Amino acid sequence: MGIIHSLSADLINQIAAGEVIESTHSILKELIENSIDAAATKIEIATDSAGFGRILVSDNGHGIQKEDLPLAIKRYATSKIQDFHDLEHLFTFGFRGEALASIASVSRMVLESGTSGNRTAYRVTVEEGKVVEEIEIPFFEGTKIEIKDLFYNTPVRRKFLKTETGEEKKNRARVQTMAVSEPNIGFRYLQNGKEVLSVVPEDGFERVLSVYGENLRNHLLPIHSSRNGMTLRGWISHPDFYKSSRTGQFFFVNNRSVELKFSAQILKRCYGELLPSGAFPYAYLFFDLPREFVDVNVHPQKKEVRFLSEETITGILFQGITEVLRTSTPVEFLEMRRRLSMPIPYGREGETSGMGNRYGGPGFGFGQGSQLGNRQTDGESLIGPSSIEGREGYSLEGVGAGANLHLLGENLTKHNLFVPKKHYGVLFETFILAEAEDGLYIIDQHTAHERIRYEEVLRDLKSKAYKSQSLLTPIRLELTREEAEEMLEERHRFLALGIGLEPFSGGTVLIREVPSYIDPGKETETILDLWERFKQKDPEERELYDEMAKCVACRSAIKKGDQVSDPIIGELLQRLSYCENPSLCPHGRPTLIKLTRKDLETMFHRI
């Protein structure tokens, strides 16, 4: 007797459910896409116990006819395609006819729907994929689908899913992404009876802000690029506004949220050194492409798509991003950095409170007690291009290391690792050429300053030497409601760093208190960056200080392209020579490279 046999319809449906239904968030995706395909202008979602207890999705779309309701939960029954040719010209999100059948096979489902021109609506009750009841109900136009007891008949599936808290976060993220993709539709989402999202129809930019927070408003750059009937539109963040992960990057193809790994790589490549190491820009990018150019039938959950020509898509993306960054960066970003190169002293004890006095204004933390302060008093310009052409070298003899040198340690001594004598300016707006007793050094001005700031801030934190200042006018962080709640749950960690947070209303969090080691104007970005790091891991106190020092150092350090004067370069090199580890930045990148006299003589065959 043979051992191969056909599977039952019930078992086939449950296997299919494993392919289509990853978890509750994938069910939400399928049901919301059905509502969008039904031309709904308002979609309401509710979940209890992360969706395992109950999922309800209702819309005001065109509804399902009475005779079609039983067919709607059968596999491969659909109104969206009729033949193979239709697969190449899809205008709907759904098309396979798998989703409702798969969901119904692992849950208890109630499906209600009404269509215009009828006096009543209809309800079907489904258990284990079979219709057990069909009745008339009072009329409404649209569709409601209620799912209860998910995976009640496949408990093994439930056991391998995340906790309810983890699934609720995924559910919120899914609904948020779909709300961004369809700004012309109003969305309302309740979790365990609590409203976590409510948006009305609006334009695309306002929808991004409604979903992900007002903090983005002044930091997003519009992007638009077209080629051969294909369009890229959306927004990317200014180079000085970024996250420490890719969680702020979203890509849509014909309004369908998809994973495009090459897009993230191209984003990073386009920004290049405008972003520090480990930084990722925000991106909300929409590709509008001819239907025949995209194959969406390559993944069970339609997470990925295939293009007729991926090179064309990457070309449009690269063109759009580089054009925006080229026009916006030199005027706004680099000019801002240039102005910040002005050496402004830190606040001293006994000064009155207030943002200006507390910080001494924006700057990189070069001290008032150094030659830099004297030169400014003499009226000599501190900002100007440094060049190595025709130079004898700028001697560091007598150049101090600034009034903030005490932040690097108590018993400071120069390390034999790096003892500079003079410098010869900056090469390629990035690399300082310096001479020491043991050879020639090439120093990256950004990573070197980052190492200095890191050690200063880290020592400040460990010794509790910083002062926190209460702000007369608090800084508002505009987040989503759930983000605000999550951030306030970490209030004790922020407080340990001298940052005082306070709830306000909705998704607004107030920054009431900030420490002296955060540069003015950088409070919002630094705190959001730190929060992202909190979410990725749960650091102990020592690691907490380390993460904070890295955040501050990265955002306050001199950048590539900043025009820095000879005295500032001299002070930077002196301070670097006092660092415990002058050779590496906090992220492990080199700060300097040494060529000894012997190296040079060997290269020129003198020995």
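Only a predicted model underlies this, so the values are computations on that prediction, with no experimental measurement involved.
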(request) Look only at the side chain of N171 and the backbone of A50, and say whether a donor-acceptor pair between them is shorter than 3.5 Å. (result) yes

(message) I'd like to know if R459 and E580 make a salt bridge, using a cut-off of under 4.0 Å between side-chain N and carboxylate O.
(response) no

(request) Check whether any side-chain heavy atom of R512 sits under 4.5 Å from a side-chain heavy atom of S470, and report yes or no. (result) no

(message) Does any part of the side chain of F286, heavy atoms only, come nearer than 4.5 Å to the side chain of T231, both counted from C-beta?
(response) no

(message) Whether the S23 and E167 side chains hold a donor-acceptor pair (N or O, under 3.5 Å, no angle test) is what I'd like checked.
(response) yes

(message) What's the separation between atom CG in L528 and atom CE in M487, rounded to the nearest 0.5 Å?
(response) 5.0 Å

(request) First locate atom OG1 of T47, then atom CG of L28, and finally report the distance between them rounded to the nearest 0.5 Å. (result) 6.5 Å

(message) Nearest 0.5 Å, please: how far is CD in E483 from CD in Q176?
(response) 6.5 Å

(request) Please check if any side-chain donor atom of R453 sits under 3.5 Å from a side-chain acceptor atom of S556, or the reverse. (result) yes

(request) Assign the ring pair F205 / W235 to parallel, tilted or perpendicular, where the plane angle (0 to 90°) is split at 30° and 60°. (result) tilted

(message) Show the nearest heavy-atom pair for residues G51 and L150, with the distance to one decimal.
(response) O-CB, 4.2 Å

(message) If you define the side chain from C-beta out and look only at heavy atoms, does anything of L267 sit under 4.5 Å from F251?
(response) yes

(message) Measuring from atom OG of S257 to atom CZ of F250, what distance do you get when rounded to the nearest 0.5 angstrom?
(response) 8.0 Å

(request) Would you check if E168 and N192 make a side-chain contact, meaning some heavy-atom pair closer than 4.5 Å? (result) yes

(message) Are H25 and K29 packed together at the side-chain level, in the sense that at least one heavy-atom pair is separated by less than 4.5 angstrom?
(response) no

(request) Return the orientation label for the Y517 and Y466 ring planes: parallel under 30°, perpendicular over 60°, tilted otherwise. (result) perpendicular

(message) Looking at I43, is its backbone amide N or carbonyl O close enough to the side chain of D59 to form a donor-acceptor pair, meaning the two atoms are under 3.5 Å apart?
(response) no

(request) Might you confirm whether atom NZ of K42 has over 12 heavy atoms from other residues, nucleotides or ligands at distances under 6.0 Å? (result) no

(request) List the atom of A549, the atom of Y454, and the distance in Å for their closest heavy-atom pair. (result) CB-CD1, 3.5 Å

(message) Between L497 and P515, is there a side-chain heavy-atom distance shorter than 4.5 Å?
(response) no

(request) Indicate the atoms forming the closest heavy-atom contact of Q249 with A264, along with that distance. (result) OE1-CB, 3.6 Å

(message) Are the side chains of Y242 and E532 in contact, using a 4.5 Å heavy-atom criterion?
(response) no

(request) For the pair E455 and R451, find out whether any cationic side-chain nitrogen is under 4.0 Å from an anionic carboxylate oxygen. (result) yes

(request) Quickly, which of E214, R476, R481 forms a side chain to side chain contact (heavy atoms under 4.5 Å, CB included) with T508? Name it, please. (result) R476

(request) Determine yes or no for a side-chain-to-main-chain donor-acceptor pair under 3.5 angstrom, with S468 supplying the side chain and E513 the backbone. (result) no

(message) How long is the straight-line distance from CD1 of I452 back to OG1 of T447, given to the nearest 0.5 Å?
(response) 10.0 Å

(message) Strictly distance-based, threshold 3.5 Å: is any side-chain N or O of R174 a donor or acceptor partner for the main-chain N or O of S26?
(response) no

(request) Would you check if the side chain of Q574 reaches a backbone N or O of L572 as a donor-acceptor pair within less than 3.5 Å? (result) no

(request) Walk me through it: do R217 and E206 pass the test salt bridge (Lys or Arg N to Asp or Glu O under 4.0 Å)? (result) CA-CA 9 Å; R217 181 176 293 277; E206 292 299 325; 3.1 Å; yes

(request) Determine, stepwise, if the pair Y271 / S237 fulfils side chain to side chain contact (heavy atoms under 4.5 Å, CB included). (result) CA-CA 10 Å; Y271 276 82; S237 62; 4.1 Å; yes

(request) Indicate the atoms forming the closest heavy-atom contact of K268 with A279, along with that distance. (result) NZ-O, 2.7 Å

(request) Could you walk me through whether D288 and R233 pass salt bridge (Lys or Arg N to Asp or Glu O under 4.0 Å), step by step? (result) CA-CA 8 Å; D288 297 325; R233 57 186 172 85; 2.6 Å; yes

(message) Checking the side chain of T163 only, and the main-chain atoms of G166 only, is there a donor and an acceptor separated by less than 3.5 Å?
(response) yes

(message) Going by salt bridge (charged side-chain N to carboxylate O under 4.0 Å, His left out), D48 matches just one of K194, R54, K148. Which one?
(response) R54

(request) Any chance you could measure K144, atom NZ, to N60, atom CG, to the nearest 0.5 Å? (result) 11.5 Å

(request) State whether the side chain of T526 and the backbone N or O of E523 hold a donor-acceptor pair below 3.5 Å, judged by distance alone. (result) no

(message) Evaluate F318 against C270 for side chain to side chain contact (heavy atoms under 4.5 Å, CB included), listing each step before the verdict.
(response) CA-CA 7 Å; F318 190 82; C270 290; 3.4 Å; yes

(request) Could you tell me whether E486 and R172 have a side-chain N and a carboxylate O separated by less than 4.0 Å? (result) yes

(request) Establish, yes or no, whether a centroid distance under 6.0 Å links the rings of Y282 and Y212. (result) no

(message) Strictly distance-based, threshold 3.5 Å: is any side-chain N or O of N255 a donor or acceptor partner for the main-chain N or O of S181?
(response) yes

(message) One pair to check against side chain to side chain contact (heavy atoms under 4.5 Å, CB included): L260 and L317. What are the steps and the verdict?
(response) CA-CA 12 Å; L260 295 179; L317 182 61; over 6 Å; no

(message) With a 3.5 Å distance limit and no angle check, can you tell me whether H449 reaches the backbone of I558 through a side-chain donor-acceptor pair?
(response) yes

(request) Taking only Lys NZ, Arg NE, NH1 and NH2, and the carboxylate oxygens of Asp or Glu, determine whether E429 and K559 approach each other closer than 4.0 Å. (result) no

(request) Considering non-hydrogen atoms only, spot the tightest contact between P201 and I185 and give its length. (result) CG-C, 4.2 Å

(request) Apply side chain to side chain contact (heavy atoms under 4.5 Å, CB included) to the pair I475 and I527, showing each step before the final yes or no. (result) CA-CA 11 Å; I475 300 171; I527 290 171; over 6 Å; no

(request) Measure across P474 and L472 and return the closest heavy-atom pair with its distance rounded to 0.1 Å. (result) CD-O, 3.7 Å

(message) Is there a side-chain contact between L56 and L190 in this structure, where contact means two heavy atoms from C-beta onward sitting under 4.5 Å apart?
(response) no

